[in-house]
Amino acid sequence: MNILVVGAGYVGLVTAACLANKTNRVVCVDTDPKKLAKLASGQIPIYEPGLKEIVDAAVSNKYLTFELGIKAGLTKVESESTEPTLVFIAVGTPQGEDGSADLRYVLAAAREIGQQLTQPAIVINKSTVPVGTAESVKGEVAWQLFQRKCFIEFDVASNPEFLKEGAAIEDFFKPDRIVIGTDNENTKANMLKLYRPFVDDEKRLLTVGVKEAELIKYASNAMLATRISFMNEIANICDRYGIDVEDVRQGVGMDSRIGPAFLKAGCGYGGSCFPKDVQALVRIAQSVGVEPLVLNGVESRNKKQKQYLFEHIVAKMGKDLTGRKIAVWGLAFKPETDDMREASSIDLIRALCHAGAQVVAHDPVAKEVAEQVFADLIRNGRLTLVDHAMAATQDADALALVTEWAEYKTADLDALKQSLKAAIVFDGRNHLNPVVMKQHGFHYAGVGRV
Ligand SMILES: NC(=O)C1=CN([C@@H]2O[C@H](COP(=O)(O)OP(=O)(O)OC[C@H]3O[C@@H](n4cnc5c(N)ncnc54)[C@H](O)[C@@H]3O)[C@@H](O)[C@H]2O)C=CC1
Ligand SMILES: O=C(O)[C@H]1O[C@H](OP(=O)(O)OP(=O)(O)OC[C@H]2O[C@@H](n3ccc(=O)[nH]c3=O)[C@H](O)[C@@H]2O)[C@H](O)[C@@H](O)[C@@H]1O
């Protein structure tokens, strides 16, 4: 099939490369010339395991090409197309000032699609968008076609994306489900044809109405965030009673109605989606007069949980950290990504520096991103970023682990103990084994662990 993907970010680039991998002809466009220059020279602008391999393969087989902007992209796709062009919108939907999803990029893309379209098309919203956005996109495209006095058949569908950063390729090729939101039989047939090669069982292809699909995305992310905030609250109770939250997690997760996934307590969830999507759903609820009691709680618990490590460090070491050196392991919001959006490391490092501490931090891949995020702290000498985990801990008064990278789990504990000035470890992801840590003579504090 002939496909245009608008946006070469996490979702757009992965979608484009994976669809091209199944012998669809895909043109991926972006408005950022720097991103395109990187892609043109064979570089991948983001850290995502396995992405380079499939982009390289699709490009060398000529199934995937890149263009600057929708106009160039549509011209190319339509020149090769005899059936309706599938146009995926995969642009950002950042948080607006009031917490709601900012649709300016989605609507600008829709406008330009309407201005440039010359052949029948199915426009597909892959971006995470509030209920009713497909209708707005339809209105925008139709208005542009009307102004051009063009009658071109088109439809708008919703096809939210559920991939996780760090496992994006695997998630795309082996999805739990693919949600296709459409009320149009022709659109449904085209979408099913496109996605059949990605599922082992047709039951994984869920076709629903457009609005239902839009809400499924927010409800899914909010449900996952709820599980995390819930377990974080349980971990805080565990702390008070001296109970091990890992045992509680196991016992709870063994109930088949609950299941074991996404119950790990820690120092709060981050990333580009959970924080913004929970807030956007709060606004969606409020906009129709529903008081989002549960969602507000999920968000408040997460904000509080992001202070967990700092509060425990201060409880152990005192409020004034002047002259203290704290090592931080992990900056990305989770392992296998260099994404630092809403990362818990940001709250911790800023709080530590504010309390007078000197911070030395390490992350296997997010150093470059961190240099921008913390430019002010680096400039005024409060924060140093280093290339090796053990370089961060050298002569530090304590270590705080914020991201559960595999290399931290296998760290040489004797070498770690020797490099630290004091053998104190705060583990914000319950990544290390408390028994082993204590055997090695560390003062070890996890989240809800004994
Ligand atoms: N990052 C993730 O893991 C996931 C994100 N999502 C959702 O997918 C959407 C996209 O997210 P990301 O890929 O992370 O965003 P991103 O910020 O990484 O990428 C968006 C890209 O769109 C480009 N763009 C903006 N306007 C454009 C236009 N008119 N024409 C061409 N390109 C344009 C930007 O330059 C940028 O490169 C969001 O709604 C997000 O909530 C959904 C599932 C997973
Ligand atoms: O809409 C999105 O963008 C995506 O958001 C999340 O994916 P992602 O943000 O990449 O990462 P997750 O693996 O879900 O982790 C999010 C945060 O939750 C935290 N987390 C996760 C699981 C857990 O048990 N406990 C926990 O604290 C992680 O440390 C991380 O900070 C969802 O998992 C994806 O399905 C969804 O497509």
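Indexing begins at 1, ligand by ligand and atom by atom, following the structure's order. Since we're looking at a predicted model, the values are computed, not measured. Every heavy atom of this structure was used, including side-chain atoms; hydrogens, water molecules and symmetry mates were not.
Of the possible donor and acceptor atoms, none in the side chain of Ser345 sits under 3.5 Å from a partner among the backbone N and O of Val402. In this structure a side-chain-to-backbone donor-acceptor pair under 3.5 Å is present from Asp30 to Ala8. A distance-only check finds a donor-acceptor pair linking the side chain of Asn159 to the backbone of Val179 [under 3.5 Å]. Remark: the backbone N or O of Pro94 is not paired with any side-chain donor or acceptor of Asp102 at under 3.5 angstrom.
Evaluated by nearest non-hydrogen atom to atom 20 (N) of ligand 2, the leading choice among Leu263, Asp171, Ile228 is Ile228. Considering each of Phe262, Phe333, Phe162, the one bringing a non-hydrogen atom nearest atom 22 (C) of ligand 2 is Phe262. The nearest non-hydrogen atom to atom 44 (C) of ligand 1, considering only Val14, Leu163, Val6, comes from Leu163. Nearest-residue assignment for atom 20 (C) of ligand 1 (options Ser272, Ser127, Gly92, Gly7; heavy-atom criterion): Gly92. Closest to atom 43 (C) of ligand 1 by heavy atom, among Glu112, Arg104, Glu161, is Glu161.
Taking CD1 of Ile178 as the reference point, atom CG of Leu206 lies at 10.5 Å (rounded to 0.5 Å).
Taking only nitrogen or oxygen atoms, main chain and side chain alike, Cys273 does not reach within less than 3.5 Å of ligand 2. Looking at ligand 1, you won't find any N or O of Lys217 less than 3.5 Å from one of its N or O atoms. Checked against a 3.5 angstrom limit, the closest N/O atoms of Lys217 and ligand 2 fall inside it. Any N or O atom pair closer than 3.5 Å counts here, and Lys126 shares no such pair with ligand 1. For the pair Asp277 and ligand 1, the shortest N or O to N or O distance does not fall below 3.5 Å. Looking at ligand 1, you won't find any N or O of Asp32 less than 3.5 Å from one of its N or O atoms. Geometrically, ligand 2 and Leu163 share a nitrogen or oxygen pair separated by less than 3.5 Å. No N or O atom of Tyr269 sits closer than 3.5 Å to an N or O atom of ligand 2. In terms of polar-atom proximity, defined here as any N/O pair under 3.5 Å, Val11 does make such a contact with ligand 1.
Distance from atom 7 (C) of ligand 1 to its nearest protein heavy atom, with residue and atom name: Thr128 OG1, 3.4 Å. Residue, atom and distance of the protein heavy atom nearest to atom 1 (N) of ligand 1 are Glu165 OE2, 3.0 Å. Of all protein heavy atoms, the one lying nearest to atom 28 (C) of ligand 1 is Thr31 CG2, 3.6 Å. Ranking protein heavy atoms by distance to atom 35 (O) of ligand 1, first place goes to Asp30 OD1, 2.6 Å. Among all protein heavy atoms, the one lying closest to atom 33 (O) of ligand 2 is Lys164 CG, 3.4 Å. The nearest heavy-atom contact from the protein to atom 10 (C) of ligand 1 is Val91 O, 3.4 Å. What sits closest to atom 16 (P) of ligand 1 on the protein, heavy atoms only, is Gly9 CA, 4.0 Å. When hydrogens are left out, the protein atom nearest atom 10 (O) of ligand 2 is Glu165 N, 2.8 Å; that is the closest non-hydrogen contact. Protein heavy atom in closest approach to atom 6 (C) of ligand 2: Phe274 CE2, 3.4 Å. Counting only heavy atoms of the protein, atom 11 (O) of ligand 2 lies nearest to Lys334 NZ, 3.0 Å.
Those atoms of ligand 2 that come under 4.0 Å of a heavy atom in Glu161, given as number and element, are 37 (O). Listed by number with element, the atoms of ligand 2 under 4.0 angstrom from any heavy atom of Arg429 are 27 (O), 29 (O). Using a 4.0 Å cut-off to heavy atoms of Lys264, the atoms of ligand 2 that qualify are 23 (C), 24 (O), 25 (N), 26 (C), 27 (O). Distances below 4.0 Å separate heavy atoms of Lys276 from the following atoms of ligand 1: 40 (C), 41 (O). The Arg341 neighbourhood of ligand 1 comprises atoms 14 (O), with distances under 4.0 Å to a heavy atom of that residue. Residue Thr93 has at least one heavy-atom neighbour below 4.0 Å for each of these atoms of ligand 1: 38 (C), 39 (O), 41 (O). Of all atoms in ligand 1, listed by their number and element, those nearer than 4.0 Å to a heavy atom of Lys35 are 36 (C), 37 (O). Heavy-atom proximity to Cys273, at under 4.0 Å, picks out these atoms of ligand 1: 4 (C), 5 (C), 41 (O).
Counted by atom type alone, Asn236 and Tyr308 present zero donor-acceptor pairs between their side chains at under 3.5 Å. Inspection of the Asp427 and Tyr444 side chains reveals an N or O donor paired with an N or O acceptor under 3.5 Å.
Cation-pi geometry between Lys174 and Phe198 is not met at under 6.0 angstrom from the ring centre and within 45 degrees of the axis. Under the 6.0 Å distance and 45° angle rule, Arg177 counts as a cation-pi partner of Phe162.
When heavy-atom distances to ligand 2 are checked against a 4.0 Å cut-off, Thr128 has no atom that comes that close, whether in backbone or side chain. Counting heavy atoms under 4.0 Å from ligand 2, residue Arg227 does not touch it at all.
Using 4.0 Å as the threshold, Gly270 has a heavy atom nearer than that to some atom of ligand 2.
Within the 4.5 Å cutoff, the side chain of Asp171 has no heavy atoms near those of the Pro175 side chain. Arg148 is listed as a side-chain neighbour of Leu145, based on a closest heavy-atom distance under 4.5 Å. A 4.5 Å side-chain heavy-atom check between Leu224 and Tyr269 finds every atom pair outside the cut-off. Residues Thr403 and Leu331 form no side-chain contact, since every pair of their non-hydrogen atoms from C-beta on lies 4.5 Å or further apart.
Aromatic rings from Tyr408 and His362 are positioned such that their centres are separated by under 6.0 Å.
The 12-atom threshold is exceeded at CZ of Arg196, counting heavy atoms of other residues, nucleotides or ligands nearer than 6.0 Å.
A salt bridge does not link Asp32 with Lys34: none of the charged nitrogens is closer than 4.0 Å to a carboxylate oxygen. Residues Lys304 and Glu311 are paired through a salt bridge, judged by an N-O separation under 4.0 Å between the basic side chain and the carboxylate. Using a cut-off of 4.0 Å between Lys/Arg side-chain N and Asp/Glu carboxylate O, Glu246 and Arg449 are scored as not salt-bridged. Under a 4.0 Å N-O distance rule, the pair Lys367/Asp338 does not qualify as a salt bridge.
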Assess whether side chain to side chain donor-acceptor pair (under 3.5 Å) is satisfied between Ser100 and Asp98, documenting all intermediate values. CA-CA 6 Å; Ser100 61; Asp98 64 351; 2.6 Å; yes
